[in-house]
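In what follows, a single structure is set out as structure tokens and then discussed.
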Amino acid sequence: MKSLAVFASGEGTNFEAIADACAGGVLDARVVLMVCDKPGAPVVAKARLRGIESFVFNPRDYASKSEYEAEAVRRMKALGVDLVCLAGYMRIVSKTLMDAYPDRIINIHPSLLPSFRGLHAVEQAVSYGVKVYGITIHYVNEELDGGKIIAQKAFEYDGSDPAEVHRIGQKIEHRLYVDTIAKLLNNIDDEKKSTGQR
Ligand code: GAR
């Protein structure tokens, strides 16, 4: 069974989808750590309710990004994390985290990348007037929302209500994230077998 860390900053509906897929046996994995940079975020209570260990911090309590990321890495290494899933974690990740988990950090973004990177992607897409929206899951690299794409799913919407796009998109996100994690965990298994690791 593989171990996941989920990073989130807000509602945590993707965190819930992943944690529930693990608990229900849909994913052969466990969420061993939830990391959150907003002590009051709803995701914190969701993790507590599920008995999932959390690292909740206020970035202002650390001298630098590298310091709180180093603490997250220390905890993830102690828990044997195989895959790091960013799920609405609204911070740019630095080399400290990336170097600790090369090719093992993924992110979900509410647009069809490379369109509409960064914050407020749905609002950006609505104000542009696109008719096809979508969700992207990608590897995280030093470029904002710029890493290699792993999975995408598009949907049509001919309106101008960002809330509606969020609603449609989030249902798609939950399923796409769980399916994509399942595939990546299989690949990790195959890699480990071919290199003789356990
Ligand atoms: C999700 O829609 C995710 O795609 C988005 O934040 C939301 C978090 O929702 N991520 C980004 O915008 C990253 N740039 P959740 O907390 O309910 O999972």
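What you see is a predicted model; the values in this text were computed from it and never measured. As the structure lists them, so they are numbered: ligands from 1, and atoms in each ligand from 1.
- Every atom of ligand 1 with a heavy atom of Met90 under 4.0 Å away is listed here by number and element: 11 (C), 12 (O), 13 (C).
- The backbone N or O of Ser66 sits nowhere less than 3.5 Å from a side-chain atom of Tyr62 that would complete a donor-acceptor pair.
- Nearest protein heavy-atom contact of atom 8 (C) of ligand 1 is Gly88 CA, 3.6 Å.
- The single protein non-hydrogen atom nearest to atom 17 (O) of ligand 1 is Thr13 OG1, 2.6 Å, given as residue, atom name and distance.
- No side-chain N or O of His109 forms a donor-acceptor pair with one of Gln152 less than 3.5 Å apart.
- The backbone N or O of Met90 sits less than 3.5 Å from a side-chain atom of Ser9, completing a donor-acceptor pair.
- Proximity of Ile52 to Phe15: side-chain heavy atoms (C-beta onward) are separated by under 4.5 Å at one or more points.
- When hydrophobic clusters are built by joining Ile, Leu, Val, Met, Phe, Trp and Tyr residues whose side-chain heavy atoms come closer than 4.5 Å, directly or via intermediates, Leu33 is grouped together with Leu86.
- Each of the following atoms of ligand 1 lies closer than 4.0 Å to a heavy atom of Glu11: 16 (O), 17 (O).
- Aromatic ring pairs are classed by plane angle as parallel below 30°, tilted from 30° to 60° and perpendicular above 60°; the pair Tyr133 and Phe155 is parallel.
- The protein non-hydrogen atom at the shortest distance from atom 10 (N) of ligand 1 is Ile108 O, 3.6 Å.
- The shortest contact between atom 16 (O) of ligand 1 and any protein heavy atom is with Gly12 N, 2.7 Å.
- Met76 pairs with exactly one of Leu97, Val32, Asp82 by the side-chain contact (heavy atoms from CB on, under 4.5 Å) rule, that one being Leu97.
- The protein atom (non-hydrogen) at minimum distance from atom 7 (C) of ligand 1 is Gln170 NE2, 4.0 Å.
- Taking the side chain as every heavy atom from C-beta outward, Lys2 and Leu83 never approach each other to under 4.5 Å.
- Counting protein heavy atoms only, atom 3 (C) of ligand 1 is closest to Glu173 OE2, 3.5 Å.
- Using a non-hydrogen distance threshold of 4.0 Å, His120 does not register as a contact of ligand 1.
- When hydrogens are left out, the protein atom nearest atom 5 (C) of ligand 1 is Pro110 CD, 3.8 Å; that is the closest non-hydrogen contact.
- At a 4.0 Å heavy-atom cut-off, ligand 1 does not touch His166 at all.
- Among all protein heavy atoms, the one lying closest to atom 14 (N) of ligand 1 is His109 ND1, 3.2 Å.
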